[in-house]
Amino acid sequence: MASITSSLQYPVHTGRLRSLYLLSPTNRISRANAHLKTPAGKLPRLAFSPLPENSFSSWTQHIRRRVPVVKAAASDADGFEISCRQVQPAKSFGEKFPFLVTGFFFFAWYFLNVIFNILNKKVYNYFPYPYFVSVIHLLVGVVYCLVSWAVGLPKRAPIDKELLTLLTPVGICHALGHVMSNVSFAAVAVSFTHTIKALEPFFNAAASQFVLGQQIPLSLWLSLAPVVIGVSMASLTELSFNWTGFISAMVSNIAFTYRSIYSKKAMTGMDSTNVYAYISIIALLVCIPPAIVLEGPKLIQTGFSDAIAKVGLVKFLSDLFWVGMFYHLYNQIATNTLERVAPLTHAVGNVLKRVFVIGFSIVVFGNKISTQTGIGTVIAIAGVAIYSLIKANMEEAKRKNDHKKA
């Protein structure tokens, strides 16, 4: 900004003078019309050229017009600041009723899981090729993930060589566990497969102690005794029992146990949706070769033609698509649901899910079970519930202690 400065360095800003007199361009104070006179021994004073007539009245009117505006602006600014402090944003439905939202997630998880298990078993009744169906499950999910990434819902998280190295064992174990579960579903009743898979906590505890070196309390081991006893009782009198279904379900338990171990080692900052997408891609690549080798020739010779002859091409393709979609959605909703709740709720939710699946499969397919099988199933589920509750309480106590130390 231009200024007029005397030899004694007294600045007079011409910009401020110009703001006082804005009637016309001819009335502006120019640098040439302003002079500083500084006689020796006297303070500097300003000398101006004569101003036009009625200039002071014009200044007064101008200032009177401007002052209320400034005051009003200041008042509005104060009022805006106060209103910003007082007005709070409206809460969303989820913030007002979080229990309803969580309840809806649980309902969606159970519903999708039950529909998947029922539709999956119906497919196997006329198309008994679990390796190929496993590939379809993963393929539909991968396509879903790729489309979601393409539209930015969610945004794809970048992956590098290090992350890929960490996630590859998880994907391999996921593929093995998924395929073996489907082999068991195709071989025996859905309820029996889920009864055998109730042993998964036992394998998790064993791996934690003997592989990871973690000390498992005696109370947890004792809570697993009813699980082992119940599964044994159910297996001895299960009408659909065969060794293929039984061994496949057990291998699935082991594979998912190691998936949990590798998942802990592969903890990253990536969100669960992207992690599951990458694991699905890896699992798909792992499942394709055995499906081609073990079932490819049979599918080409009679598999596809027999299925189409039984239900028609449209229903066959529709069933394969929807069973894959329900598989992916129930796994994704399960992940999102378990992220919203505490460990105790997580444990109860997992147990109730298995009860729902076993109960609905028996009703839908009319599977006949012996009294001993029913009692053994109830004992096994009760043991899983006790184990899950004890473990959840231990994790919650550990979390609180870590929080206090921090």
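As the structure is a computational prediction, the values presented were derived from the model and not from experiment. Every heavy atom of this structure was used, including side-chain atoms; hydrogens, water molecules and symmetry mates were not.
- Defined by atom type and a distance below 3.5 Å, a donor-acceptor pair is missing between the side-chain atoms of S184 and S248.
- Put simply, the side chain of Y124 reaches to within 4.5 Å of the side chain of P130, judged on heavy atoms.
- Residue F202 qualifies as open at atom CZ: its count of foreign heavy atoms under 6.0 Å is 12 or below.
- If you take CD1 on I115 and OH on Y330, they are separated by 13.5 Å, rounding to the nearest 0.5 Å.
- More than 12 heavy atoms of other shown residues, nucleotides or ligands fall within 6.0 angstrom of atom NZ in K310.
- The environment of Y129 atom OH is dense: over 12 non-hydrogen atoms of other residues, nucleotides or ligands sit within 6.0 angstrom.
- Atom-to-atom distance recorded for I379:CD1 and Q372:CD is 9.5 Å, nearest 0.5 angstrom.
- Around atom CZ of F365, more than 12 heavy atoms belonging to other residues, nucleotides or ligands sit under 6.0 Å away.
- Proximity of Y131 to V179: side-chain heavy atoms (C-beta onward) are separated by under 4.5 Å at one or more points.
- If you take OG on S388 and CG on N393, they are separated by 11.0 Å, rounding to the nearest 0.5 Å.
- We find the CD1-CG distance between I281 and L164 to be 10.0 Å, quoted to the nearest 0.5 Å.
- Not a single donor-acceptor pair under 3.5 Å links the side chain of N113 to the backbone N or O of W109.
- A donor and an acceptor atom, one from each side chain of N120 and N117, are nowhere located under 3.5 Å apart.
- Residues C145 and Y278 are not in side-chain contact: their nearest non-hydrogen atoms beyond the backbone lie 4.5 Å or more apart.
- Side-chain atoms of E200 never come within 3.5 Å of backbone atoms of N253 as a donor-acceptor pair (strictly under, hydrogens ignored).
- Nearest heavy atom pair, residue I333 against residue L112, reads CG1-CD1, 3.8 Å.
- When side chains are defined from C-beta on, L224 counts as touching W221, because their heavy atoms get closer than 4.5 Å.
- Taking every heavy atom of both residues into account, A198 and V384 meet most closely at O-CG2, 3.4 Å.
- Nearest heavy-atom pair, L199 versus M250, reported as atom, atom and distance to 0.1 Å: CD1-SD, 3.8 Å.
- Between N274 and P154, some side-chain heavy-atom pair lies under the 4.5 Å cut-off.
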Are I381 and R354 close enough, and set up right, to give a side-chain contact (heavy atoms from CB on, under 4.5 Å), and what steps lead you there? CA-CA 8 Å; I381 297 299; R354 205 170 296 281; 4.0 Å; yes

Passes ring pair (Phe, Tyr, Trp, His ring centres under 6.0 Å), H137 versus H328? Steps please. CA-CA 7 Å; H137 291 166; H328 180 80; over 10 Å; no

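- Using cut-offs of 30° and 60° for the angle between ring planes, the Y276 and H174 rings count as perpendicular.
- For Y126 and D319, the side-chain atoms include at least one donor-acceptor pair closer than 3.5 Å.
- Dense packing is recorded around CH2 of W149, with more than 12 heavy atoms of other residues, nucleotides or ligands lying under 6.0 Å away.
- At least one donor-acceptor pair closer than 3.5 Å links the side chain of S252 to the backbone N or O of G177.
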If you apply the rule side-chain contact (heavy atoms from CB on, under 4.5 Å), what do you find for V140 with I136, and how did you get there? CA-CA 6 Å; V140 173; I136 295 298; 4.2 Å; yes

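- With 3.5 Å as the limit, one finds no donor-acceptor pair spanning the side chains of S361 and K121.
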For I247 and V251, what are the C-alpha separation, side-chain angles and deciding distance, and is it a side-chain contact (heavy atoms from CB on, under 4.5 Å)? CA-CA 6 Å; I247 295 175; V251 173; 4.2 Å; yes

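- Between atom CE of residue M233 and atom OG1 of residue T371 there is a gap of 10.0 Å, rounded to the nearest 0.5 Å.
- A parallel orientation is assigned to the rings of F304 and F127, their planes being inclined by less than 30° (bins at 30° and 60°).
- Relative ring orientation between F246 and W243 is described as perpendicular, the plane-to-plane angle rising above 60° on a 0-90° scale split at 30° and 60°.
- Q209 contributes no side-chain N or O that, together with a main-chain N or O of Q215, makes up a donor-acceptor pair within less than 3.5 Å.
- Note: F116 and Y327 have tilted aromatic rings, judged against thresholds of 30 and 60 degrees for the angle between ring planes.
- Using a 4.5 Å heavy-atom threshold, the side chains of E238 and V188 count as separate.
- Between F107 and F111, the two ring planes are parallel [angle under 30°; tilted spans 30° to 60°].
- Between L220 and K391, some side-chain heavy-atom pair lies under the 4.5 Å cut-off.
- Although no hydrogens or angles enter the test, the distance criterion places a donor-acceptor pair under 3.5 Å between the side chain of S240 and the main chain of A189.
- At distances below 3.5 Å, not a single donor-acceptor pair connects side-chain atoms of S318 with backbone N or O atoms of V314.
- Side chains of I292 and I288 form a contact here, defined as non-hydrogen atoms less than 4.5 Å apart.
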Step by step, would you call F192 with S235 a side-chain contact (heavy atoms from CB on, under 4.5 Å)? CA-CA 8 Å; F192 182 56; S235 301; 3.5 Å; yes

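- Across all their heavy atoms, V364 and I118 have their closest contact at CG2-CD1, 3.5 Å.
- Scanning all heavy atoms of the two residues, the minimum distance from I282 to G171 falls at CG2-CA, 3.9 Å.
- In terms of heavy-atom proximity, I369 sits nearest to G374 at CD1-CA, 4.1 Å.
- A donor-acceptor pair shorter than 3.5 Å can be found between the side chains of T373 and S370.
- Atom CD1 in I159 sits 10.5 Å away from atom CD in E162 (nearest 0.5 Å).
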